[in-house]
Amino acid sequence: MSELLKEQLYDGPDEHGHFGIYGGIFVGETLMPALEELTRVYEKFKKDEAFWEEFHNDLTHYVGRPSPLYHAKGMTEALGGAQIYLKREDLNHTGAHKVNNTIGQALLAKAMGKTRIIAETGAGQHGVATATVAARLGLECHVFMGSEDTKRQAANVYRMKLLGARVVEVDSGSKTLKDAMNEALRDWATNVDSTYYIIGTVAGPHPYPMLVRDFQSVIGREARQQSLDRCGRLPDSLVACVGGGSNAIGLFYPFLKDEGVRMIGVEAGGFGLDTGKHAAPLNRGAPGVLHGNRTYLMNDEDGQILETHSVSAGLDYPGVGPEHAWLKDIKRAEYTAVTDSEALEAFRFLTRKEGIIPALESSHAIAYAMKEAPGLPRDHIMVINLSGRGDKDMHTVAQIDGIEV
Amino acid sequence: MSRIENCFKQLKSQNKKGFIPYLTAGDPNLECTLNLMHALVKAGADIIELGYPFSDPSSDGPVIQRAVERSLAKHTRLKDVLALVKRFRQENQNTPVVLMGYLNPIECMGYQKFTDAAIASGVDGVLVVDMPPEEAHEFLQIIHRSVLDCIFLVAPTTREERARKICELSSGYVYYVSLKGVTGASHLDIDSVRTNVNLLKSYCGLPIGIGFGIKDVDTATKLGGLADAIVVGSALVNLIAELKDDYDYSRDELFKHIELIAQMRIGLDNK
C-alpha cells in the first residue's frame, strides 16, 4: 500500500461519519440514500490507485501543483522571531485551495454518471472553482449564493457566469453562505437523481467532511515533505484560517500523528469576540446540529442560528467542520481568533513586506503570526497556509479605504 | 393507548381517512395560532402537526420558510410553542398534536427536558425532519420510555430494507413524503405515490400519512384513497400568510378563511 493510501485510512471518522460526538448525517430522509450511495462510491475509489493517479495528474497539469513552500524572509525579518514559511495555495489555478476539492469531487460526479452539478458559495471562490471544473467536464452547473454575497463579490459572480454556470441568488434568512447551503440542500432533494452536490468545505453531512479533507490534505502532504527537504525537519507550528475549515484541515491532517507539531486554527473575530459580531464558533459557540452535522455552532439559547460577521465573506459562517470540533476537544489543535482590523493590517503587511496580496481569509492566519512569531525563537519553523490570493478582495479593501475602484 | 393510536383506531372503525393539517406556531402570532388550531379541529382536522420554528429550515420550500421567518420575527421559542399546546389542551383533550421541526432547538433544550416538557404540555408526538434513525438512538431511548410517539419519514428514494427499519422505529404513524423535493413543491406524481405506498403498506404495521405537495381538494381526495391519512402544510400556510398580525380574528373568521381545509375534509369523506 502506498503512503498516500495508508494515511487516508488513518482514524476518523467512524463508519457513520462521527468524529467523537461530532459529524454524522442529519438531513431529511430524501437525501439519506444519496449520501449512502456517495459514501459507498467514495469508499470504493478511496482504495483505487487509478483514481488517485487521475486526481494527482489533474492537480499537477491543470492546477499547477505542487504549490511552493516559500520562505518569507521579509516577513520573518520584520517580525524578528520564528522563520515564516508560506504554503502558496494562492498560486493554484483559480487562486485558492478550493480547486483541490472540486477537482476530486468532479471525478466522483463523473464516475457516478451525474450530469448536473450544484454548489454553495460565500466569497465565490468555491463557486468559481466548481464552475471551472464543470466547464472543463461539460457539466451543467448551478451555484447558490446569498444575495448579500453576490453584492460583495460581484467580480466572482461574473466569473462564474463566464464559465457557463448559473448563479442563483438566495434571498432567504440572512442571505449569506448558510442560506446558500440551505438552498443547495433543497435543490439536491428535488433533483437528487441527476445531481451531484459539491460541498466546498469540510462541513455538511457524512461523507463530505471526510472526502473534502482527503482531497485537501494534498496541502499538508506537500508541506510536510517540503519542510523535510528544505529544513531537514518538520515544522514546529502550522497556522491556517478557519471558516468551515477546509484549508486548515488540509494542512493539519497529514501532521496529526506528528506530536511535536503545534496546530493553530484562526477564526474570524469580526469586531471582537466580546461584541457578539464575529464568526468564531470554536471560540465562542456550543455544540449543535446544522447543515447535516453536529459541530460547534453560533446559536442562541433556543437553538436558532445567529447571524455572523466577518470582513471576509469566506469565513462568515456560523458552523465549522466537525473534525475541527473534535480536534479542539481532544486538544490536538488550538483555535484562536483575530479581528477584522487585525486581518486588514496583516493584509497590508504581507503585501508590503513580501509583494504578495493575500485573501482576507488567509490574512487572518498572517495576523496570528504577526502577534505570535516575534516571541518565538529564531529557529522555530512556522508554516502558514496562504490559502488564497487577494484579488477578489480589492473592492472590499478599497471601500474600507474610501476609494472607488 | 396513545392519543394518536386511538385516533387512527377510531378513524378505522368509522371507515374514515385521517386529515392532518400543518401550521407554523407563531405565524402570524401565538394567539392566532391557538385560534387556528381550534378552527382546524372544527374544519375536520384529526391530528395537528404544529411546526416549531428553526432559522435554517433546509427541507422546506419557500412558503414554510417565510412562515418560519414571520414566527422568528416574533421571537417564538420552543418553550412558547409548548406553552401554546398546554393552552390548546385546556379546551381540547382529544385531538393529537405532533410537534414538527428541526433538531437543533430540541438539542439545545436537552432531550430529556424536552420530552418531559412536551408530555406535561399535552404533546403527543414529535417529528424531527433532520434526524434520521441513524442519529436518533439517544433521543429514541428517552422517547420510547415515554408516552410520546416518534414519527419518521419515508421518502420516494428510500429503499425497502431501510424503510422496514424506519417503520420498526416509528410509532403513531409513518409519514410518506410524496415527492423528491421540499414542502410545497408542485410536481406530485400520483401513480408513483400509489406504487410506493402500496409497497410500504405491505410491510408497515403503522398507519401511513402522505404529505408534501397536496394543494387542492382533488389531490387530497386522490391521495387520501391511497393511505390512512393526508398531511396538508403549504396550502394552509399560504392562507395563514394572508392574515394580518395586528388584528384579532375570531375563530369563526379563521374558520371561514381556511374554508379550503373544510372542503378537503369533505372531499376525503365523500371518497
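In the text below, chain A, chain B and the rest are named by the order of the sequence lines, each starting its count at 1.
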Under a 4.5 Å heavy-atom cut-off, does chain B meet the side chain of [X], its backbone, both or neither?
| X | value |
| --- | --- |
| Glu36(A) | side chain |
| Asp193(A) | side chain |
| Asn299(A) | side chain |
| Leu306(A) | neither |
| Val27(A) | backbone |

Need one label for [X]: side chain, backbone, both or neither, based on atoms under 4.5 Å from any heavy atom in chain A.
| X | value |
| --- | --- |
| Val154(B) | backbone |
| Leu72(B) | side chain |
| Val182(B) | both |
| Thr76(B) | backbone |
| Arg77(B) | both |
| Leu153(B) | both |
| Pro62(B) | neither |

Next on the checklist: With side chain to side chain contact (heavy atoms under 4.5 Å, CB included) as the criterion, how do Glu301(A) and Cys108(B) come out once you've worked through the C-alpha distance, each side chain's angles and the decisive distance to 0.1 Å?
Outcome noted: CA-CA 7 Å; Glu301(A) 70 266 27; Cys108(B) 258; over 6 Å; no
When you measure from the side chain of [X] to the backbone N and O of [Y], does any donor-acceptor pair fall under 3.5 Å?
| X | Y | value |
| --- | --- | --- |
| Gln304(A) | Ser55(B) | yes |
| Asp302(A) | Leu78(B) | yes |
| Arg162(B) | Pro33(A) | no |
| Thr157(B) | Thr30(A) | yes |
| Glu135(B) | Ile25(A) | yes |
| Arg186(A) | Pro57(B) | yes |

Checklist entry - Under the side chain to side chain contact (heavy atoms under 4.5 Å, CB included) criterion, do Phe54(B) and Val289(A) qualify, and how do the steps go? => result CA-CA 11 Å; Phe54(B) 178 50; Val289(A) 173; over 6 Å; no
Next on the checklist: Any heavy-atom pair between the side chains of Met32(A) and Arg159(B) that's under 4.5 Å?
Outcome noted: no
Mind checking the [atom1]-[atom2] spacing from [X] to [Y]? Nearest 0.5 Å is all I need.
| X | Y | atom1 | atom2 | answer |
| --- | --- | --- | --- | --- |
| His18(A) | Glu134(B) | NE2 | CD | 9.5 Å |
| Glu29(A) | Thr158(B) | CD | OG1 | 3.5 Å |
| Asn104(B) | Ile305(A) | CG | CD1 | 5.0 Å |
| Lys180(B) | Asn191(A) | NZ | CG | 10.0 Å |
| Asp56(B) | Met181(A) | CG | CE | 10.5 Å |

More than 12 heavy atoms of other residues, nucleotides or ligands under 6.0 Å from [atom1] of [X]: yes or no?
| X | atom1 | value |
| --- | --- | --- |
| Lys79(B) | NZ | no |
| Glu161(B) | CD | no |
| Lys328(A) | NZ | yes |
| Glu138(B) | CD | no |

Next on the checklist: Could you report the tightest heavy-atom contact between Glu107(B) and Gly288(A), atom names first, then the distance?
Outcome noted: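 Heavy atoms of Glu107(B) and Gly288(A) come nearest at OE1-CA, 4.3 Å.
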